[in-house]
Amino acid sequence: MKQLQIGIIGCGAIGHEHVRRIQELVPEGKVVAATDYFPKAAKELADRYQGIKVYQTGEELIAAPEVEAIIITSSDESHATYVLDGIAHNKFVFCEKPMAQTVDDCKKIMEAEQKAGRCLVQVGFMRRYDRGYMDIKKKIDSGKFGKPLIIHCCHRNVSQASGFTTDYAVTRVAIHEIDISRWLLDDEYESVQILPVHQSSATKGNWLNPQIMLLTTKSGQQIDVEVQTDGAYAYDIQCQVVCENGTVSLPDPAAVIARSDACIQQELMTDWSKRFIEAYDTELKLWTRSVLEGTLTGPTAWDGYMACATGNALIKSRTTGKREKVQTIEKPALYC
């Protein structure tokens, strides 16, 4: 069996889990190189899994001859540089969201791919690989429920790491709803707005929480997203698509139902990585296989660009208090 030799940049929580997935669940892949801003994190991976070489920098890892493809799970501000370097070396890149922090960097990535003549970048929008969302997509596309009209979304978190900011509610949290809704509807956004709402006393930091985000597609469909970044009762993700002839809703994760003390109880999760663990597994399995076949099948650089452009408009709306147009370029033929 041909094994894809992978290098990983960023060996923290999600990076560590991605290495575990590749090494233990994906027979077609093998992690052979690692690097991290904190060298100890990369060394711990190398000590745990045989055959991983530690590099001092991401640039050295990308240029390494044994590395055939790259996974980027480093800090957000480093993504664009590493993605561009990977394209320059003609290597496939899997980049966790966001692909880049600015629209200009997203454009540079797309221009580099167009110059290379093929898609080399996949963005880590893993919800597209969740069984629930995939079934919603299948039901919408079947036409049985008529045209989709409205999507109601909730994204609720128990807590956030130190350093969290108001903008992160868009760029790190709601970015998933931004991507999955346009994927479900197969449409792009025309305008967006953030609405001021009563703030939660459970927020432990100095940022706005919750926030309500409204998105309108070019076809006129409406998406509302409730984002609660701190103090929620659980990590709870909800999605309901209202169609002409019915509704389609995201199921809750499977859990045991307990009956006791005159109550019915069902546990909810508090950890995002556990909620979508199967989606992450499927995502990396299919990415590895698609790289070996030479054609990526997952979210593209265009998807990363659209998420960034939409996020920018939402953040601007929060400042202006008005609905803002999503400013984008024409979709390049490479992504059509």
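All residue numbers in this chain count up from 1 along the given sequence.
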Rounded to the nearest 0.5 angstrom, the CD1-OG distance for Ile72 and Ser75 is 11.0 Å
Report the C-alpha distance between Asp179 and Arg127 in whole Å, list the side-chain angles of each, state the deciding distance to 0.1 Å, and finish with yes or no for side-chain contact (heavy atoms from CB on, under 4.5 Å).
-> CA-CA 9 Å; Asp179 177 73; Arg127 289 198 191 177; over 6 Å; no
Kindly give the heavy-atom pair with the smallest separation between Val54 and Ala42, and that separation in Å.
-> CG2-O, 3.8 Å
Between Lys91 and Val67, is there a donor-acceptor pair closer than 3.5 Å when you use the side chain of the first and the backbone of the second?
-> yes
State, yes or no, whether a side-chain contact exists between Pro299 and Gln122 at a heavy-atom distance under 4.5 Å.
-> yes
Distance-only donor-acceptor check, side chains Gln222 and Asp224, under 3.5 Å = no
Residues Lys108, Asp104: salt bridge by 4.0 Å N-O rule | no
Relative to each other, are the rings of Phe276 and Tyr133 parallel, tilted or perpendicular (30° and 60° limits)?
-> parallel
Non-hydrogen atoms of Val123 and Thr300 that approach each other most closely | CG2-O, 3.5 Å
Does Asp47 CG have over 12 foreign heavy atoms under 6.0 Å away?
-> yes
Leu84 CG to Ile62 CD1 distance, which is reported to the nearest 0.5 Å = 9.5 Å
Please name the pair of heavy atoms, one in Ala301 and one in Met99, separated by the smallest distance, quoted to 0.1 Å.
-> O-CE, 3.4 Å
Salt-bridge present (Glu283, Arg128; N to O < 4.0 Å) = no
Step by step, work out the side-chain contact (heavy atoms from CB on, under 4.5 Å) result for Gln160 and Trp207.
-> CA-CA 11 Å; Gln160 295 293 338; Trp207 65 84; 4.1 Å; yes
From CA spacing to verdict: side-chain contact (heavy atoms from CB on, under 4.5 Å), Ile194, Leu208 = CA-CA 11 Å; Ile194 291 183; Leu208 296 179; over 6 Å; no
For Glu111, enumerate each residue passing the side-chain hydrogen bond (donor to acceptor under 3.5 Å, both in side chains) test, keeping only those at least two apart in sequence or located in another chain.
-> none
Of Ile223, Leu250, Ile140, which meets side chain to side chain contact (heavy atoms under 4.5 Å, CB included) against Val241?
-> Ile140
Any side-chain heavy-atom pair of Leu45 and Val31 under 4.5 Å = no
Under 3.5 Å, side chain of Gln199 to main-chain N/O of Val197, donor-acceptor pair present?
-> yes
Heavy-atom donor-acceptor pair, Asp36 side chain to Ala41 backbone, under 3.5 Å = no
Looking at OG of Ser317 and CE of Met213, how far apart are the two atoms once the value is rounded to the nearest 0.5 Å?
-> 10.0 Å
Start with the C-alpha distance between Tyr233 and Arg156, add both sets of side-chain angles, then the distance that settles side chain to side chain donor-acceptor pair (under 3.5 Å), and finish with yes or no.
-> CA-CA 8 Å; Tyr233 52 83; Arg156 298 168 181 151; 2.6 Å; yes
So do Ile22 and Tyr49 actually touch side chain to side chain, heavy atoms under 4.5 Å?
-> no
Taken to the nearest 0.5 Å, the spacing of Thr229 OG1 from Arg172 CZ works out to 12.0 Å
Is there a donor-acceptor pair closer than 3.5 Å between any side-chain N or O of Thr35 and the backbone N or O of Tyr55?
-> yes
Value for CD1 (Ile109) from OH (Tyr305), rounded to nearest 0.5 Å, stands at 12.5 Å
Would a distance-only check, ignoring hydrogens and angles, find a side-chain to backbone donor-acceptor pair under 3.5 Å from Gln221 to Thr216?
-> no
Would you check if there is a donor-acceptor pair between the side chains of Asp271 and Ser273 at a distance under 3.5 Å?
-> yes
Are Glu190 and Lys325 ion-paired here, with the side-chain N under 4.0 Å from a carboxylate O?
-> yes
Under 3.5 Å, is there a donor-acceptor pair between the side chain of Asp135 and the main chain of Gly132?
-> no
Is the OH atom of Tyr37 crowded by more than 12 outside heavy atoms at less than 6.0 Å?
-> no
Contact summary for Ala307 and Phe125, nearest pair of heavy atoms | CB-CZ, 3.8 Å
Exercise: do Tyr235 and Arg275 side chains pair donor with acceptor under 3.5 Å = no
Verify side chain to side chain donor-acceptor pair (under 3.5 Å) between Arg182 and Thr310, making sure each step is shown before the conclusion.
-> CA-CA 11 Å; Arg182 57 181 287 272; Thr310 305; over 6 Å; no
Could you pull out the closest heavy-atom pair between His18 and Tyr280, with the gap in Å?
-> CE1-CD2, 3.7 Å
Any side-chain donor-acceptor pair under 3.5 Å between Arg318 and Thr166?
-> no
Backbone N or O of Ala313 within a donor-acceptor pair of the Glu324 side chain at under 3.5 Å?
-> no
Can Trp287 and Ile6 be said to form a side-chain contact (heavy atoms from CB on, under 4.5 Å), step by step?
-> CA-CA 12 Å; Trp287 173 73; Ile6 301 166; 3.9 Å; yes
Going by heavy atoms in the side chains, are Ile315 and Thr171 under 4.5 Å from each other?
-> yes
When you look at CD of Glu24, are more than 12 heavy atoms from neighbouring residues, nucleotides or ligands closer to it than 6.0 Å?
-> yes
Main-chain N/O of Lys147 paired to Glu244 side chain as donor or acceptor, under 3.5 Å = yes
Atom CD of Gln238 with >12 non-hydrogen neighbours under 6.0 angstrom = yes
Does Arg131 CZ have over 12 foreign heavy atoms under 6.0 Å away?
-> no
Enclosure of Glu267 CD (heavy-atom neighbours >12, cutoff 6.0 Å) = no
Over all atoms of both residues, closest heavy-atom pair of Ile329 and Lys107 | CG2-CE, 3.7 Å
Roughly how far, to the nearest 0.5 Å, is the CD1 atom of Ile9 from the OG atom of Ser78?
-> 8.0 Å
Kindly check if the number of other-residue, nucleotide or ligand heavy atoms within 6.0 Å of NZ (Lys331) is above 12?
-> yes
Counting only N and O atoms by type, is there a donor-acceptor contact under 3.5 Å from the side chain of Glu113 to the main-chain atoms of Ile87?
-> no
Student check: side-chain heavy atoms of Tyr82 and Cys95 closer than 4.5 Å = no
State whether a side-chain donor-acceptor pair under 3.5 Å links Glu188 with Trp302.
-> yes
Are Lys285 and Asp281 ion-paired here, with the side-chain N under 4.0 Å from a carboxylate O?
-> no
For Lys139, does the NZ atom sit with more than 12 other heavy atoms under 6.0 Å from it, leaving out its own atoms?
-> no
Do side-chain atoms of Thr217 reach the backbone of Ser219 as a donor and acceptor pair under 3.5 angstrom?
-> yes
Do Thr295 and Glu293 meet the criterion of a side-chain donor-acceptor pair at a distance under 3.5 Å?
-> no
